[in-house]
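Please read these numbers as outputs of a predicted model, since none were measured by experiment. Chain letters run A, B, ... following the sequence lines, proteins first, then strands; residues in each count from 1.
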Protein chains: 2
Amino acid sequence: MAVTRDDVARLAGVSPATVSYVINDGPRPVSEETRAKVLQAIKQLGYQPNVTAQNLRRQRTNTVGLVFTTIERHLTHPYFVDLLTSIGEECARHGFDLLLSPCTDRSLEQTIYERMVGGRRVAGVIVTGIRHDDARIAYLSAEEFPFVVLGRPEHNEDFPYIDVDGARGVDEAMQHLIDLGWRRIAFIGLSAELICADDRLAGYRKALERNGLPYDPRLVANMHTTEAAGHQIMTRFLALDEPPDAVLACSDELALGAMNAAQERGLVVGRDIGVIGFDDIPSAAYCRPPLTTIRQPMYEIGIRLCRMLIQIIEGKEPEEKQIVLPPTLVVRESCGAHWRQGSV
Amino acid sequence: MAVTRDDVARLAGVSPATVSYVINDGPRPVSEETRAKVLQAIKQLGYQPNVTAQNLRRQRTNTVGLVFTTIERHLTHPYFVDLLTSIGEECARHGFDLLLSPCTDRSLEQTIYERMVGGRRVAGVIVTGIRHDDARIAYLSAEEFPFVVLGRPEHNEDFPYIDVDGARGVDEAMQHLIDLGWRRIAFIGLSAELICADDRLAGYRKALERNGLPYDPRLVANMHTTEAAGHQIMTRFLALDEPPDAVLACSDELALGAMNAAQERGLVVGRDIGVIGFDDIPSAAYCRPPLTTIRQPMYEIGIRLCRMLIQIIEGKEPEEKQIVLPPTLVVRESCGAHWRQGSV
DNA sequence: TGATATAATCTACACGTGTAGACAACTCGT
DNA sequence: ACGAGTTGTCTACACGTGTAGATTATATCA
């Protein structure tokens, strides 16, 4: 069917081994004359090495695995696309492929990983959305399989990761809101099972405490990150006896939904209520009013995660193993910066 | 290193072939007693078949390839995530893997395909963003390699595809705008190289013609689909001597950007200017005002595309080969339905 | 009972590649 | 002129699996 190395060898009048030496540029030398003959034959036949056979022989796959979790048919983060793009690009740069597997149900997760890892389908995996006592980490550690994690561990486990300092991001954003004069600030957090949900909540509490503001559990919620969820919880917040005068949401989607709910009730965002999001997705800059948000450098994170993993796969010690990046507060209008400039 | 079939055979006291027969449930019968012994050994050793070796032996990979194009680090459509999810899920349902490859530069595209296809890295590919005289289609056809296309061909080539009837969607949306009383309607189209750009433009012209409205080339543009581009072109439109009183954009991102530009100039969307988008991405429902848009059932499209491809890979004639789905007009507020109800 | 069909298992090889070991031709220093 | 080293090439096998052909034990029927 497809043309193989032996076909090339026959046409070029050399042995199959010589063809391999030409293709891989080693490990044995090949005379210029022979090389030219082989290259000519390869071109003439349109030969492409069979990647599966190469992988079997080399005992590695040059493939990076990524399992992404979808909740009710929706991906948890739109910035995931940035991550995917950067990981894919960095893979390509190193001659790696990217194998993607969606996970619609937590109960299937273990099976997916076992197939990828145990079946040696991939050479290493990238784990995202790390949870408390995450079974995936335990499994990969036990198998001594190469992996890197987007997000920090809870305790001080010693595996390679990159994370954004969520506590710091939230703290800075909270301070910004407080400096603008907002006092009763609600917090829309992420799913409680996620470790980063705790991290960000800690930033929220720290900022409240430092400014002598009370922590009111009625103003705090954990949600899946969709616009619908943001809308729903904000509607509930606004119906409280003492509704919040500002809200910090842990994703831009949540913030967009929350903003929408406030606007439905006739509130002017930025004047009557302050809103800050998290992630800086593209639409954050183009909604009305433009959304103040905490930016995560997802593109860069993807690149570095992937580079780290490939170094581990290739047996090198990664240059950097545990990285925590600072997020950036991007001030637009939803926080009220334009209405309240210098009002404090 | 990893445990292999021979290890299992040794432990169970049977031949390697018998282990294979148990795993694949055939093609030879195995006695219940032996099967039990083998399964026990598999469990005890935690054996997972080596997928690479299986693929080599079976001469197929059970992997679907998808190349996605990014423009300046941004993916062209956020609904792409829906597509990805559904394709991934359908793949998993059939025991297929999904191999993803980003393409940042058109010049690399051919190389990526050659590696995937010629190297037999995947069993079939899904092609998106089909262009005029698309070299990818020519290549895949010449190689007689399994593929399906998201989007229709220009002429009547006979390959399997699924598409949304863009002309019809745009036509209906235009009629809706015209019925609401808008008369000078601008059109923000997609990149001219895309076949679907023509299709949608045809719908625009058809609606104008049927309603006796003139076609003004100054009100028509082709853009990459980002909020920034929508903002930019709308700003230009509004600076014309005779600015448009409504705009139909070929993606929600373009529409969001256009809406933002109009709002910057103090226009009230829905009252002073009508806006309609395309795709129905999640934020369309949660921006202000909520965006009227032409919905594409991307999730369903992904499922059917993938199912079609797998049938072709497995040598079956696909049940349905060329499908054109109707889009749905989702009326919200940006088109002015609430302000102008019954005003004609 | 003996011939024959059937069930269960094993031995052996192929899939396409990478590379170690064997081998031939040639160079070089003495 | 001759061993030692170097360079270029080839032969042969292994990677882990699926399965055809051979082999053996068991059931069936005249």
I'd like to know if the side chain of [X] reaches the main chain of [Y], judged simply by a donor and an acceptor atom lying under 3.5 Å from each other, with no hydrogens or angles considered.
X: B/Gln322; Y: B/Phe159; answer: yes
X: B/Ser191; Y: B/Leu194; answer: no
X: B/Arg120; Y: A/Gln48; answer: no
X: B/Arg307; Y: B/Pro318; answer: no
X: B/Thr61; Y: B/Ala123; answer: yes

Whole angstroms only, please: what is the [atom1]-[atom2] distance between [X] and [N]?
X: B/Gln48; N: D/dG16; atom1: CD; atom2: P; result: 15 Å
X: A/Glu33; N: D/dT7; atom1: CD; atom2: P; result: 18 Å
X: B/Asn50; N: D/dG16; atom1: CG; atom2: C1'; result: 6 Å
X: A/Arg121; N: D/dT17; atom1: CZ; atom2: P; result: 14 Å

**Q.** Donor-acceptor pair (no angle test) under 3.5 Å: A/Arg5 side chain, C/dG18 base
**A.**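 Side chain to base: pair found, below 3.5 Å.
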Practice item. Could you tell me whether B/Glu89 and B/Arg93 make a salt bridge, using a distance below 4.0 angstrom between a side-chain N and a carboxylate O? Key: yes
Given C/dG18, C/dT9, D/dT19, the nucleotide with the shortest approach to the side chain of B/Ser20
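Side chain of B/Ser20 sits closest to D/dT19.
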Report task. For B/Ser31, report the nucleic acid contact type (base, sugar-phosphate, nothing); a contact means any heavy atom under 4.0 Å. Result ->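 Sugar-phosphate only.
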Practice task
Describe the nucleic acid contact of B/Thr18 in one word from base, sugar-phosphate, nothing, applying a heavy-atom distance below 4.0 Å.
Solution key: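 B/Thr18: backbone/sugar contact only, no base atoms under 4.0 Å.
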Counting primed atoms, P, OP1 and OP2 as sugar-phosphate and everything else as base, the B/S/- map of nucleotides 21-27 of chain D against protein heavy atoms under 4.0 Å is BB-----
Review point. A/Thr34 and A/Val22: side chain to side chain contact (heavy atoms under 4.5 Å, CB included), yes or no, with the steps?
Key: CA-CA 9 Å; A/Thr34 309; A/Val22 172; 5.6 Å; no
Just N and O in the side chain of A/Tyr47: are any of them under 4.0 Å from OP1 or OP2 of C/dG16?
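For C/dG16, neither OP1 nor OP2 has a side-chain N or O of A/Tyr47 closer than 4.0 Å.
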For a quick test of reading the model: is some side-chain N or O of B/Asn24 closer than 4.0 Å to OP1 or OP2 of D/dG18?
yes
>> Is the distance from the ring center of A/Tyr113 to that of A/Tyr139 below 6.0 Å?
In response: no
message = Quiz question: by atom type and distance under 3.5 Å, do the side chains of A/Thr52 and B/Arg58 form a donor-acceptor pair?
response =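 Judged by distance alone, the side chains do not pair up.
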Got a sec? Which of residues 51-65 of chain A come in under 4.0 Å of DNA chain C, heavy atoms?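 Those residues are A/Ala53, A/Gln54, A/Arg57, A/Arg58.
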